[in-house]
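As C-alpha cells, the structure follows; a few thoughts come after it.
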Amino acid sequence: MNKTMMRVVGVILVIATFLLISECAKKDKPILGSSAAATAVYVAPGDYDEFYAFTSGGFSGQIGVYGLPSGRLFREIPVFSVNPENGYGFTEETKGMLQTTFGQIPWDDAHHPELSQTDGVTDGRWIFINANNTTRVARIDLKTFETAEIIEIPNSGGNHGSPFITQNTEYVVASTRFSVPIPQRDVSIDSYKENFEGTLTFIKVDPDDGAMNIEFQIIVPGYDYDLAHAGKGPSHGWAFFTCYNTEQANTLLEVNASKNDKDFIAAVNWKLAEKYLAEGKGKTRPGEHYTNRMSHTTHSATSTLTKTVVTLDPADCPGLIYYMPTPKSPHGVDVDPSGEYIVGGGKLAAVVSVHSFSKMLKAIEDEKFIGEAGGIPVLDYDATIAGEVTNVGLGPLHTEFDGKGYAYTSAFITSEVVKWKLGTWEVVDRIPTYYSLGHLMIPGGDSRKPWGKYLVGLNKMTKDRYLSTGPELAHAAQLIDISGEKMKLLLDFPTIGEPHYAQGLPADLVHPNTTKIYELEHNEHPYRALSEKEARVERNGNEVHVYMTTIRTHFKPDNIEGIKLGDVVYFHVTNLEQDWDIPHGFAMQGARNSELLIMPGATNTLRWEPQKVGVFPFYCTDFCSALHQEMQGYVRVSPKGSKLPISFN
Amino acid sequence: MGALLLVGTYFFPLWSITVEAPQYPEGLGIYIRINTVDGHAKNDLKNLNIVNHYIGMQEIVPESIPELKYMPAIGGLLIVSGLLVAWKGGKKSLYIWLAFFSLLALVGLIDFYIWNYDFGHNLDTEHAAIQIEGMTYQPPLFGTKTMLNFVTTSLPSGGGLLAFASIFMGYLAAFLSWRDKQSK
C-alpha cells in the first residue's frame, strides 16, 4: 500500500515536472537563447552597425538616430522643437525654421519619418517627417543630419496622414486628420456637416535639391483622414488614404465615429490630377503658408510666405478619386513591394482587409459602385477585395513586408506582431511585444525593396521593461529577427520621446556620404569673419555686432568693452576650424537664450540683451582641446548713457 | 631614361610625413613636394599646425621655405643635363652628371634633416602651452618615431622614389659602360 502510494506520488511528480518544464519552454519560445541573442546584436567596439534606424520622437518633435542591431542611440536631430543644446530655434539663423502663420512655434508632435526613394528603393538622400499639431512637413538632409526645410500645410488640422512619398519622391502627400472650415472662419462647431472639409495635399519635391512646394490640394468630404501610402510598380501614379469618422461626428468621436461597419480607403489617381491641373481645372484659393529653408552657405534660414494654394474639386475631376470600403475605422494603409496589394488595418476589427489594385481598376472599369459619399464613387467591397487575414489579433494597425512574400502586422490590443503570407492570407507565426505595439518597421519595409532581416516593434507602453524612472518612462522598442521561419526577439531598447514610427536603411547608403565640415571658403554668412584679422566689434545705434572667431583654443576678440545697458548685442561666431568633430561652443552669462554650438566652418549668432552692469564672462562649452578650460573671455557692461567707446582685443 | 623619371618629381611628392594619434585615428599627413608642402587631405597642414602650436612648434608655411623656390629649377637643370648626357653619350659627362646629382641628393637630405631638427628643437617656450622637460619633436628622416600621443612616420613618397630610381639607373648605366669597357 505504502509502496503504491509512493509510486503514485512519484508519477504525479514526474508529470508535474514535465508540465512545468514544457510550460517554461513555451514561455521562452520566442526568445533566442540569451547568449545567441547577445551575439546577434553585439557590435564590437569600433565596429559599425549594419543599419540606421530613424525613429520619430513623437511628442518630442525630433528624430532619433539609432544603429541596428545594437539599438545604440547616435543622435537626436532637432526638427520641430527647439534644442538649446545646439541653439536650434534660438540662434538668429535657425529661428526662421520654426516660423508659421501662427508665429514662431517651439514644439510639435512628429509621427512618421519617411526616407526618400528612387524607383521605389530607399536612396539615403533625405528623410521627411510630419508635424501633427501645427500642420507641417520637414525635410532632413542625410549628408548633414540637419533639418533643411519645413513647409506649412494650409487648410489642414492635425497633419497625421503624412509625409508618405511616391516612388521617385515626386510628391510627399499629407492628409488632414481634422476636417476644418476651408478657408478658416467663425462658424458653429455644430455646423460640421455643412461647413467642414478635408484636404489631401500633394507637395512637389525638387529632384535635385529637395526643395518642397505645394503643387495642389484635393478638397474631400469632411471625414478624419488618417494615414496614407503611395502606390508603387503597377500602382505607381496612385496614392491611398485611410479615413474614419465617415459618420461625420463632431463630438465624442470615441462612440460617435465608431458606428459604421466600414469606413474608406480613398484611392487617388495623382497622374490624372496632374492632367486636370494642366487642363486648368485647378482653382486658386486662400492657403497662407510658410516655407522655411536652411542654406549651407549662409548657414541661415529664409522664411517665405505664400498666400494661396491650387485646389482640385473631385466634382470637376471625374476619375480622380474613389472610395474603397474597409472595416472598421481603418488606420494604416500599406502597399506591398509588388504594388498589387493594398493592406488596410481595421483598427477596431479583428481582420486585415487586402484590396487588389488590379481588381480595383477592373471594378472602376465595370462601374461596380454601391453609391456615392460626398460626390465620390464608392466601390463594391467584394469587387476590390483580394483576401482577408483572420486570426490576426485584435486592433491590427500597420503592416510592413520582408520582400520574401510575407507581411507583418502590428496588433495593438493583443500586443503582438503577426506574420502572414501574401496570397494565401494565412497566419504563419506570431510573437508578443511589450507592450501595445503601434507601428512596426522593417528597413525598406514599405518600399519595393525591403531588407528583411530585422523588424523593430515600436511600443506605446513600457511598464516594467526597464529600471523604473518614476511615473514617466522611456518608450520601448523591440528588435526582432525575421530572417528565419520563426520570429525571434533579440533586443529591447529605450527610445526618445514616443517612437511613433521609424524607417531604416543599410548604413552604406548614408554613412560614407556624410559631411564632416563646412568649408570656410563657401561661408557666405553676412556676418562671417573668415580669419582673426576680420574679427571686430561694430556699434550701430544701440545694436552691437561682434564678429567673433574661434580656433583652438581661443576667441578673437576675447575682451570687449563699451557695451551699455539697453544695447542689443549680436555675437556672430565663426568657427575657423576645418577639422572633423571640432565644434566650439559659446555661452554668455545671463543670456536669456541658449548657447551656440558652432560646427567647423559655420557662423552662428546669439542675441544678448545685457541685464546688469558689470563684467561678465563667456566661454567655450564644447570640450575642444586640452586648453578648452582656457577658452574664455569677458564683456564689460557699463550703465546706460556711459560714454565709454567700443574697444576689444 | 633616368633623367626622364625625374619629370615625375614635379607631379608626385618627394617625401611624406604622417602622424597618428588617438584623436586622429584616420591620421594627419603632409607631403613635401618639389615646390611646396601640402596636406594629404585638404586641411591636414592647417590641422597639423594647430596641433603643433600647443608644443610651441613653428608654423609650417610653405611660402617661407626658400628651398622650395630653387628646387624646381635645380630639378629642371638635372633633367636637361641628364638628357644631354644621354644624347651625346659621353662617359665622362655621365660621371660628372652622376656626381652632381648625388651631391645634390645628399645636400637635399641634409637640408631636410636640418629643417626637421629646427622644427623639432626650436620651440617657442614663451607661448607653448605644453612644455615637457627635455622633450624635442624632431620627425625622423626615415621610419617611425613616437612623440607624446603622436606616432610619426616619415618616408620617401612617389617623387622621392622616382628620384632614387633615377639615380640608381644613372649608376647602372655607369656600371654597364664601365663593364663594356673592361670586356673590350
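A note on names: the letters A, B, ... follow the listed sequences, proteins ahead of strands, and every chain is numbered from 1. The model shown is predicted, which means the values in this text are computed figures rather than measured ones. Heavy atoms only: backbone and side chains are in, while hydrogens, waters and symmetry mates are out.
- Between K42(B) and E521(A), at least one side-chain N (NZ, or NE/NH1/NH2) sits under 4.0 Å from a carboxylate O, which counts as a salt bridge.
- Between D579(A) and Y24(B) the shortest side-chain heavy-atom distance falls below 4.5 Å.
- Within the 4.5 angstrom heavy-atom criterion, no atom of E630(A) approaches chain B.
- More than 12 heavy atoms of other residues, nucleotides or ligands sit less than 6.0 Å from atom CZ of F142(B).
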(Q) What verdict does the side chain to side chain contact (heavy atoms under 4.5 Å, CB included) test give for E577(A) and I50(B), after you've listed the backbone C-alpha separation in whole Å, the side-chain angles of each residue and the deciding distance to 0.1 Å? (A) CA-CA 9 Å; E577(A) 304 282 356; I50(B) 289 177; 3.5 Å; yes
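- F112(B) CZ: more than 12 foreign heavy atoms inside a 6.0 Å radius.
- More than 12 heavy-atom neighbours from other residues, nucleotides or ligands sit within 6.0 angstrom of CD on E534(A).
- Few gaps surround OH on Y54(B); more than 12 heavy atoms of other groups in view lie less than 6.0 Å from it.
- Proximity of Q23(B) to D581(A): side-chain heavy atoms (C-beta onward) are nowhere separated by under 4.5 Å.
- Residue K46(B) comes nearest to L520(A) through the heavy atom pair NZ-CD1, 4.0 Å, listed as atom of the first residue, atom of the second, then distance.
- For CH2 of W451(A), the number of neighbouring non-hydrogen atoms (other residues, nucleotides, ligands) closer than 6.0 Å is greater than 12.
- Summarising the geometry of N47(B) relative to R552(A), their closest heavy-atom pair is OD1-NH2, 3.8 Å, with the distance given to 0.1 Å.
- More than 12 heavy atoms of other shown residues, nucleotides or ligands fall within 6.0 angstrom of atom CZ in F74(A).
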